[in-house]
Amino acid sequence: MEGLTDKLTNYQQIVQQLLIDYAEVKPAYGDIEVETIFDTLRNHYQIVHLGWQHKRWVHHCIIHLDIRNDKIWIFYNSTEHDIAADLVNLGVPKQDIVLGFYPPFMREMSDYAVG
């Protein structure tokens, strides 16, 4: 059981640091804040943009990751970053990364976990 806790803690740290690094890049347009949202009890992690662009209110999720069943799920990514590749570079094995924005039959064709 201790190994699973260590793995979860490691993945939480990796995901949080990755999103903190991504959040340092502020959009070139508008008066936009970049927020990281970490729910470490339920293992939900997001980057949100909010603010004003011209006279329109902006509020949307840019990246959404979860940790479920000892795997990192990528649910949404509207950036140019290859989050899965970055996670692999940080030591997360491909079999522990799920491309959650693809249906299961498409995940089977990737090098990553199905679920």
Side-chain angles (χ1 to χ4, degrees):
M1 189 67 162
E2 187 174 316
L4 293 176
T5 303
D6 292 344
K7 183 177 184 179
L8 174 61
T9 301
N10 184 42
Y11 284 180
Q12 288 173 327
Q13 291 171 349
I14 288 171
V15 166
Q16 289 177 49
Q17 189 57 55
L18 184 66
L19 294 187
I20 287 168
D21 292 345
Y22 288 162
E24 289 180 7
V25 178
K26 185 176 164 130
Y29 57 87
D31 185 19
I32 306 294
E33 283 182 50
V34 181
E35 287 188 355
T36 54
I37 301 172
F38 302 154
D39 177 353
T40 56
L41 290 177
R42 294 168 199 84
N43 290 306
H44 306 297
Y45 304 90
Q46 296 183 358
I47 293 179
V48 174
H49 283 182
L50 65 131
W52 294 95
Q53 182 178 6
H54 304 291
K55 294 182 180 182
R56 287 188 70 178
W57 177 248
V58 173
H59 183 272
H60 57 278
C61 175
I62 302 302
I63 296 173
H64 177 181
L65 306 177
D66 278 5
I67 302 173
R68 297 180 176 190
N69 300 320
D70 299 317
K71 294 186 185 332
I72 299 173
W73 287 70
I74 303 170
F75 284 119
Y76 189 71
N77 178 16
S78 69
T79 72
E80 296 178 0
H81 296 283
D82 184 344
I83 295 174
D86 289 345
L87 289 168
V88 169
N89 289 337
L90 291 169
V92 179
K94 286 185 176 185
Q95 67 265 19
D96 284 354
I97 300 170
V98 180
L99 305 177
F101 51 85
Y102 287 143
F105 77 91
M106 287 184 68
R107 289 184 219 148
E108 292 175 2
M109 295 181 250
S110 77
D111 289 338
Y112 298 98
V114 174

Item to complete: Mind listing the closest non-hydrogen atom pair of Cys61 and Ser78 along with its distance?
Response: O-OG, 4.3 Å

Fill in: Ile97: which of Ile74, Asp111, Ile83 passes side-chain contact (heavy atoms from CB on, under 4.5 Å)
Ile74

Worksheet item: When the ring centroid of His64 is compared with that of Phe75, is the distance short of 6.0 Å?
Response: yes

Worksheet item: Phe101, Trp73: one ILVMFWY side-chain cluster at the under-4.5 Å cut-off?
Response: no

Worksheet item: Does atom NE2 of His54 have more than 12 heavy-atom neighbours from other groups under 6.0 Å away?
Response: no

Worksheet item: So which heavy atom on Gln12 is nearest to which on Thr40, and how close?
Response: NE2-O, 3.3 Å

Practice prompt. Check for a donor-acceptor pair, side chain of Lys26 on one end and backbone N or O of Ile32 on the other, with a separation under 3.5 Å.
Written response: yes

Worksheet item: Atom CG in Leu87, atom CG in Asp82: separation rounded to 0.5 Å?
Response: 9.0 Å

Fill in: More than 12 heavy atoms from other groups under 6.0 Å of CG on Asn69
no

Response to the item:
Which of Leu8, Asp6, Ile14 passes side-chain contact (heavy atoms from CB on, under 4.5 Å) with Asn10? Answer is Ile14

Worksheet item: Can you name the nearest heavy-atom pair linking Val48 to Gln46, along with the distance?
Response: CG2-OE1, 3.9 Å

Worksheet item: Is a side-chain donor or acceptor of Arg107 paired with a backbone partner of Leu99 at a separation under 3.5 angstrom?
Response: yes

Discussion item. Please report the interatomic distance CG(Leu18) to OH(Tyr45), rounded to the nearest 0.5 Å.
Written reply: 12.5 Å

Worksheet item: Can you name the closest pair of heavy atoms from Lys71 and Gly115 and give their distance?
Response: CE-O, 3.3 Å

Worksheet, complete the sentence: Correct closest heavy-atom pair for Val15 and Ile67 would be CG2-CD1, 4.4 Å

Worksheet, complete the sentence: Heavy-atom nearest pair, Trp57 first then Gly51, reads CE3-O, 3.1 Å

Discussion item. Check for me, please, whether Tyr76 and Val98 land in the same ILVMFWY cluster - side-chain distances under 4.5 Å, paths through other members count.
Written reply: no

Worksheet item: Any side-chain donor paired with an acceptor under 3.5 Å for Asp86 and Tyr22?
Response: yes

